[in-house]
Colleague: 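Have a look at this one before I ask anything.
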There are 2 protein chains.
Amino acid sequence: MTQTNKQPPPATPKQAAACCGPIDQWLDPEFFKAFSDPTRVSLVACIAKCGRGCSVGEVAECCSVDFSVVSRHLALLARSGVLEARKEGRTMYYRVRYAELCRSLRSLADALEECCPAPDSQKGTCNGACC
Amino acid sequence: MTQTNKQPPPATPKQAAACCGPIDQWLDPEFFKAFSDPTRVSLVACIAKCGRGCSVGEVAECCSVDFSVVSRHLALLARSGVLEARKEGRTMYYRVRYAELCRSLRSLADALEECCPAPDSQKGTCNGACC
DNA sequence: TGTTTGTTTGCGTCATTATGCAAGTATTGC
DNA sequence: GCAATACTTGCATAATGACGCAAACAAACA
């Protein structure tokens with residue numbers, strides 16, 4: 001498969017928020033789904049800790065599931081923008097997209113904070129326009 | 001249900017990483033699972049934009065699924081630490097745990113960066129101890 | 001060309017999850 | 001107590017997802 005990684009960071013902008021920060025833009029279910037499976041998470045952690053590109057075979061060694069399962073998980077992770085795939089000969093190398101991931105995570109945190117009412121008060125300012 | 005929200009931030013520390021930053025600690029599948037469903041995401045976005053506690057009924061108005069489905073999703077989101085539940089009379093108010101969410105997201109970003117090799121080089125320093 | 005190696009894909013199975021409806025519980029007001 | 005309101009729970013169904021096995025594919029090598 002000619003892995004066409006999404007060029008924009010993992011959480012692809014969807015539609016603009018109605019009345020506050022660009023929170024919808026960063027709350028992409030597809031992005032979070034990538035991390036919602038324990039096996040997938042351990043694969044990402046394994047590659048992340050390596051700090052370099054890892055082949056499918058290498059990654060498969062660090063967990064107990066079938067080789068084909070690892071292959072499928074890694075492909076999914078690449079599709080959702082978490083990993084970057086690079087083919088070299090017959091070997092497929094997957095690498096964590098550190099910068100893009102960090103940017104997405106921090107952008108979401110920023111967007112959340114924009115929605116957040118004053119740190120102590122809990123009254124908020126909903127005018128009914130948003131929900 | 002007496003909603004006992006997890007007191008620690010959403011991503012509950014699990015086990016320490018083998019050879020680098022505390023990345024496993026923040027890569028909690030349960031946390032990400034909360035955001036992996038489109039319906040749930042829209043509910044969170046709705047409450048987040050309001051910036052205050054919203055009742056189940058209010059939230060249900062902003063999406064097309066059954067009332068009971070909303071109730072269940074909100075309960076799940078509270079269990080996974082994304083929302084905070086507060087009962088007032090017969091009304092249940094759900095509020096986004098902004099601070100805890102932001103902290104979790106930023107901690108994960110930090111942990112990822114710790115694993116990240118030098119910004120430009122892609123060689124990394126895997127010694128085989130981690131995967 | 002045939003074989004080995006590294007990875008992907010098809011397919012069937014099992015488990016989990018999302019959903020709606022109807023019935024249940026809890027709290028308030030009459 | 002009784003009815004209304006706000007929400008939760010039980011149950012059945014349909015959809016989705018994870019998994020392993022076997023076969024297919026692609027690149028390198030003999």
Side-chain angles (χ1 to χ4, degrees), chain A residues 1-5 28-47 50 52-80 82-95 131, chain B residues 1-5 28-47 50 52-80 82-95 131:
Chain A
M1 189 194 287
T2 317
Q3 199 65 59
T4 28
N5 285 325
D28 181 6
E30 290 307 314
F31 170 62
F32 288 97
K33 202 175 284 178
F35 291 105
S36 70
D37 179 74
T39 305
R40 241 165 3 235
V41 163
S42 69
L43 298 181
V44 174
C46 168
I47 302 179
C50 268
R52 57 169 176 82
C54 296
S55 71
V56 179
E58 275 177 313
V59 184
E61 278 172 35
C62 81
C63 74
S64 55
V65 297
D66 192 81
F67 199 87
S68 67
V69 172
V70 173
S71 170
R72 250 185 285 250
H73 277 314
L74 294 180
L76 185 151
L77 286 162
R79 273 197 304 278
S80 45
V82 174
L83 302 180
E84 184 188 300
R86 180 175 51 88
K87 190 158 193 177
E88 205 169 284
R90 53 192 165 190
T91 307
M92 196 69 163
Y93 290 100
Y94 284 97
R95 196 181 63 79
C131 55
Chain B
M1 188 194 289
T2 319
Q3 199 66 59
T4 29
N5 285 324
D28 181 5
E30 288 307 313
F31 169 63
F32 288 98
K33 203 176 281 178
F35 291 104
S36 69
D37 179 75
T39 305
R40 246 175 346 246
V41 163
S42 69
L43 298 181
V44 174
C46 168
I47 302 180
C50 267
R52 57 169 176 83
C54 295
S55 71
V56 179
E58 276 177 315
V59 183
E61 278 172 34
C62 80
C63 73
S64 55
V65 296
D66 193 79
F67 196 88
S68 67
V69 172
V70 173
S71 169
R72 251 185 283 251
H73 277 313
L74 294 180
L76 185 150
L77 286 162
R79 274 199 303 279
S80 45
V82 174
L83 301 180
E84 184 187 299
R86 179 174 51 89
K87 191 159 192 176
E88 206 169 283
R90 55 192 164 191
T91 308
M92 196 70 164
Y93 289 100
Y94 285 98
R95 196 180 65 77
C131 55

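Side chains are part of it too, since the values below use all heavy atoms of this structure and drop only hydrogens, waters and symmetry mates. Reminder, nothing fancy here: chain letters follow the sequence lines and each chain counts from 1.
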Colleague: Send over the distance from A:Lys33 NZ to C:dT16 P, rounded to a whole Å.
Modeller: 18 Å

Colleague: If you assign A:Glu88 and B:Ser55 each to the DNA chain D nucleotide with the nearest heavy atom, which residue ends up on the more 5' nucleotide?
Modeller: B:Ser55

Colleague: Return no unless some side-chain N or O of A:His73 is found under 4.0 Å from OP1 or OP2 of D:dC19.
Modeller: yes

Colleague: Closest to the B:Asp37 side chain: D:dA18, C:dA18, C:dT7?
Modeller: C:dA18

Colleague: Quickly work out the A:Tyr93 OH to C:dT8 C1' distance and round it to whole Å.
Modeller: 17 Å

Colleague: Are A:Val44 and A:Val41 close enough that some pair of their side-chain heavy atoms sits under 4.5 Å apart?
Modeller: no

Colleague: Please determine, for the side chain of B:Asp66, which listed nucleotide (C:dT19, C:dC21, D:dT8) has the closest atom?
Modeller: C:dC21

Colleague: Rounded to whole Å, how long is the line connecting atom CZ of A:Arg86 with atom P of C:dG6?
Modeller: 16 Å

Colleague: Can you find a donor-acceptor N/O pair under 3.5 angstrom joining the side chain of B:Ser68 to the base of C:dC21?
Modeller: yes

Colleague: C:dT19 phosphate, OP1 or OP2: any side-chain N/O from B:Thr39 under 4.0 angstrom?
Modeller: yes

Colleague: Between CG of B:Asp37 and NZ of A:Lys33, what distance do you get to the nearest 0.5 Å?
Modeller: 7.5 Å

Colleague: What is the distance, rounded to the nearest whole Å, between atom CG of B:Leu43 and atom P of C:dA18?
Modeller: 11 Å

Colleague: Answer yes when A:Arg86 and A:Glu84 have at least one side-chain N-carboxylate O distance shorter than 4.0 Å, and no when they do not.
Modeller: no

Colleague: Given atom CZ of A:Phe35 and atom C1' of D:dG17, what is their separation to the nearest angstrom?
Modeller: 18 Å

Colleague: Specify the separation, in whole Å, of atom CZ of A:Phe32 and atom P of D:dT16.
Modeller: 21 Å

Colleague: Pick the nucleotide of DNA chain D nearest each of A:Arg90 and A:Leu76; which residue has the one closer to the 5' end?
Modeller: A:Leu76

Colleague: Quick one: pull up OH in B:Tyr93 and CD in B:Glu58 and give me the separation to the nearest 0.5 Å.
Modeller: 6.5 Å

Colleague: Give the rounded distance in Å between these two atoms: CZ of A:Phe67 and P of C:dT5.
Modeller: 13 Å

Colleague: Check the distance between C:dT27's P and B:Met92's CE and give it to me in whole angstrom.
Modeller: 11 Å

Colleague: Among C:dA26, D:dC11, C:dT9, which nucleotide has an atom closest to any side-chain atom of B:Arg72?
Modeller: D:dC11

Colleague: By nearest atom, which of the nucleotides D:dA6, D:dT9, D:dC19 is closest to the B:Thr91 side chain?
Modeller: D:dA6

Colleague: Using side-chain heavy atoms (C-beta onward) and a distance below 4.5 Å, is A:Ser36 in contact with B:Pro29?
Modeller: no

Colleague: Between C:dT8 and A:Tyr94, is there an OP1 or OP2 to side-chain N/O distance shorter than 4.0 Å?
Modeller: yes

Colleague: Between D:dC19, C:dT8, C:dA18, spot the one nearest the side chain of A:Val69, thanks.
Modeller: D:dC19

